[in-house]
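A short worksheet on the structure shown next.
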Amino acid sequence: MADFLKTGRKIIAIGRNYSEHAKELGNAVPTEPFFFLKPTSSYITDGQSIEIPAGCEVHHELELSVIIGKEGRDILAEDADNYIAGYALSLDMTARNVQDKAKKEGRPWSASKGYDTFTPIGAFIPKDQIPDHGNVDLSLQVNGVTKQKGNTRDMIFSVPALIENVSSIMKLEEGDVIMTGTPKGVGRVLSGETVTCDLAVDGKVLSKLTFPVIDRPNPKRP
Amino acid sequence: MASRNFIHSGRKIIAIGRNFSEHAKELGNAVPKSPFFFLKPTSSFISNGQAIEIPRGCEVHHEVELGVVIGKDGRDISAKDAHKHIAGYTLALDMTARNLQEQAKKAGLPWSTAKGYDTFTPVGEFIEKEAIQDTNDVDLSLKIDGVTKQNGNTRDMIFKIPSLIEYVSTIMKLQEGDLILTGTPAGVGRVLPGETVTCELASKGKIVSQLRFPVVDRSNKA
């Protein structure tokens with residue numbers, strides 16, 4: 001299970017699951033969950049660099065990720081906990097200008113969410129270390145200055161509700177990751193900056209990550 | 001080789017949008033100036049003979065496509081090197097919940113649900129690279145209950161396969177086993193439970209792949 005980065009077949013990212021985040025981007029607060037996919041090619045781990053592609057204004061979005069431990073579809077919310085193997089601290093990096101253009105044109109979000117390095121994620125946290133997924137503190141700093149600070153109690157749709165909703169559309173498989181939404185405070189990161197983030201339960205830090213930010217290198221052409 | 005087993009080993013499905021001008025026009029869309037793509041989850045794969053499921057409330061359309069199976073990892077791949085990264089091909093359908101997609105487009109929301117339901121990526125067997133000498137002369141056809149609905153040739157693709165590989169790999173690194181669906185010709189339309197979809201791929205007049213998918217209601221197991 002700890003190697004979900006290599007074995008996982010999909011990343012499902014929930015949109016607008018914290019009302020203050022929906023409002024800060026001028027979006028309506030949703031009446032039911034929605035999601036988008038991020039490619040597993042976008043994973044990076046603690047210490048690796050987030051790449052800013054040319055022409056992209058990239059924002060950080062701090063999220064609690066749920067790691068699926070058992071295959072299933074049409075999973076009921078009351079059974080959802082049986083399908084969770086553990087958790088991870090993660091960022092849903094987003095090319096905000098590309099996303100805004102896609103929204104205006106009614107086009108997919110896949111590119112704006114799917115660039116290489118756009119899913120920084122921490123190590124697997126076993127389920128028993130987070131007894132209540134509705135009480136997890138998340139915080140993010142850029143160059144040491146706090147930008148996002150929230151608790152999963154502010155999620156509009158709970159983790160079991162999300163598992164029920166997603167699995168009624170797409171079967172979930174072992175190693176799949178569900179990114180559960182971001183609290184308010186999203187903002188731009190620039191190359192040369194450093195993003196740090198941490199996850200804590202009742203004052204105990206379970207995950208602490210650091211990601212330097214660089215320009216995406218130009219391709220080497222002979 | 002992982003690419004032969006792409007249904008089980010592939011890490012992503014990248015589907016190109018509006019790559020045949022007549023298809024763009026039939027749905028009232030502008031013909032694009034550069035390619036765009038969306039992701040379909042690998043959980044949506046079904047193979048020859050398995051049933052396409054129609055979820056409740058969805059108007060599901062067929063879209064017959066030539067799929068390219070990636071054989072070698074790479075990013076920022078130039079169009080002239082693209083052929084080195086191709087392992088082979090497959091005949092595929094990009095099943096789409098058209099009503100959900102239209103709603104998503106109007107609301108500026110992701111396409112992931114409309115494109116991502118279980119069974120929404122019917123594919124055939126792995127086709128050896130040598131079996132398709134010219135990817136710009138591949139006949140794709142689809143019938144519902146024996147009546148031809150789509151009948152096109154890849155010469156009508158706006159963006160050719162090398163350009164698509166170059167474009168996608170500047171955003172997301174490609175990995176062995178990834179599948180790129182290269183767009184659908186005109187003639188998309190609805191399929192209903194009880195019908196049977198058959199499709200065929202031919203290269204230089206020789207049939208290379210023939211597939212058959214019955215269509216059923218998605219049953220609720222809850």
Side-chain angles (χ1 to χ4, degrees), chain A residues 6-13 15-16 27-28 30 34-42 53-54 71-76 79 95 98-100 102-118 164-173 176 216-222, chain B residues 8-15 17-18 29-30 32 35-45 55-56 58 73 75-78 81 97 100-102 104-120 166-175 178 218-222:
Chain A
K6 294 205 175 66
T7 61
R9 300 205 79 193
K10 58 185 176 291
I11 302 166
I12 304 123
R16 291 175 217 156
N27 292 316
F34 73 87
F35 62 83
F36 50 91
L37 299 174
K38 289 173 74 82
T40 55
S41 49
S42 63
E71 186 169 321
R73 75 173 197 163
D74 295 315
I75 299 164
L76 295 176
D79 294 331
V98 178
Q99 185 195 30
D100 285 342
K103 283 160 69 175
K104 280 199 189 75
E105 295 172 357
R107 288 206 182 178
W109 291 17
S110 309
S112 66
K113 293 286 189 177
Y115 274 94
D116 291 339
T117 78
F118 271 28
E164 181 175 298
N165 179 271
V166 173
S167 70
S168 70
I169 296 163
M170 309 184 305
K171 70 185 176 198
L172 293 176
E173 293 166 301
D176 283 351
R216 179 176 168 126
N218 285 324
K220 298 176 182 51
R221 297 250 185 267
Chain B
H8 300 291
S9 64
R11 305 213 72 197
K12 56 187 176 292
I13 303 167
I14 305 124
R18 292 178 215 153
N29 292 315
F36 73 87
F37 64 84
F38 51 91
L39 299 173
K40 290 174 74 83
T42 54
S43 49
S44 62
F45 276 136
R56 195 139 40 114
C58 292
D73 290 11
R75 75 171 197 166
D76 294 313
I77 300 164
S78 65
D81 289 336
L100 296 191
Q101 185 194 28
E102 291 299 319
K105 282 159 71 177
K106 281 200 187 77
L109 287 180
W111 290 16
S112 309
T113 299
K115 292 286 188 176
Y117 273 96
D118 290 338
T119 79
F120 270 28
E166 180 174 296
Y167 175 74
V168 173
S169 70
T170 62
I171 296 168
M172 311 184 301
K173 69 187 176 197
L174 293 176
Q175 295 164 300
D178 284 351
R218 178 181 170 128
S219 58
N220 289 326
K221 291 186 175 66

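Just so you know, these numbers come straight off a predicted model, no measurement behind them. Just so we're on the same page: letters track the sequence lines, and every chain starts at 1.
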Taking A/Lys10, A/Lys38, A/Lys171 one by one, which has the highest count of heavy-atom pairs under 4.5 Å against chain B? A/Lys171

Ignoring hydrogens, what is the shortest heavy-atom contact between B/Met172 and A/Gly114? Give both atom names and the distance. CG-O, 3.2 Å

Minimal heavy-atom distance between B/Ser112 and A/Leu37, with the atoms involved, is OG-N, 3.4 Å

Where does A/Pro53 contact chain B at under 4.5 Å (heavy atoms): side chain, backbone, both or neither? neither

Counting only heavy atoms closer than 4.5 Å, note whether B/Pro41 contacts chain A via side chain, backbone, both or neither. both

Apply salt bridge (charged side-chain N to carboxylate O under 4.0 Å, His left out) to A/Arg216 and list each qualifying residue two or more places apart in sequence or on a separate chain. A/Asp116, B/Asp76

Between B/Thr113 and chain A, with a heavy-atom cut-off of 4.5 Å, which part of the residue counts as in contact: side chain, backbone, both or neither? both

Residues A/Arg9 and B/Gly10: closest non-hydrogen pair is NH2-O, 2.6 Å

Nearest heavy-atom pair of B/Gly108 and A/Trp109: which atoms, and what distance? O-NE1, 3.0 Å

Nearest 0.5 angstrom please: B/Ser43 OG to A/Ile169 CD1, how far? 11.0 Å

With chain A, the option among B/Lys173, B/Lys12, B/Gln175 that has the most non-hydrogen atom pairs under 4.5 Å is B/Lys173

Quick one: list whatever passes ring pair (Phe, Tyr, Trp, His ring centres under 6.0 Å) with A/Phe35, sequence neighbours left out. none

Taking every heavy atom of B/Trp111 against every heavy atom of A/Arg107, the minimum-distance pair comes out as NE1-C, 3.7 Å

Closest heavy-atom pair, A/Phe34 versus B/Leu109, reported as atoms and distance to 0.1 Å, is CZ-CD2, 3.7 Å

Heavy-atom distance under 4.5 Å to chain A: side chain of B/Tyr117, backbone, both or neither? both

Applying a strict 4.5 Å limit to non-hydrogen atoms, the region of A/Ser112 in contact with chain B is neither

Tell me, for B/Ser9 versus chain A, whether the close heavy atoms (under 4.5 Å) come from the side chain, the backbone, both or neither. backbone

B/Arg11/A/Ser41 under side-chain contact (heavy atoms from CB on, under 4.5 Å): CA gap, chis, key distance, verdict: CA-CA 8 Å; B/Arg11 305 213 72 197; A/Ser41 49; over 6 Å; no

Chain B: which of A/Pro108, A/Gly15, A/Ala28, A/Ala111 shares the most heavy-atom pairs with it under 4.5 Å? A/Pro108

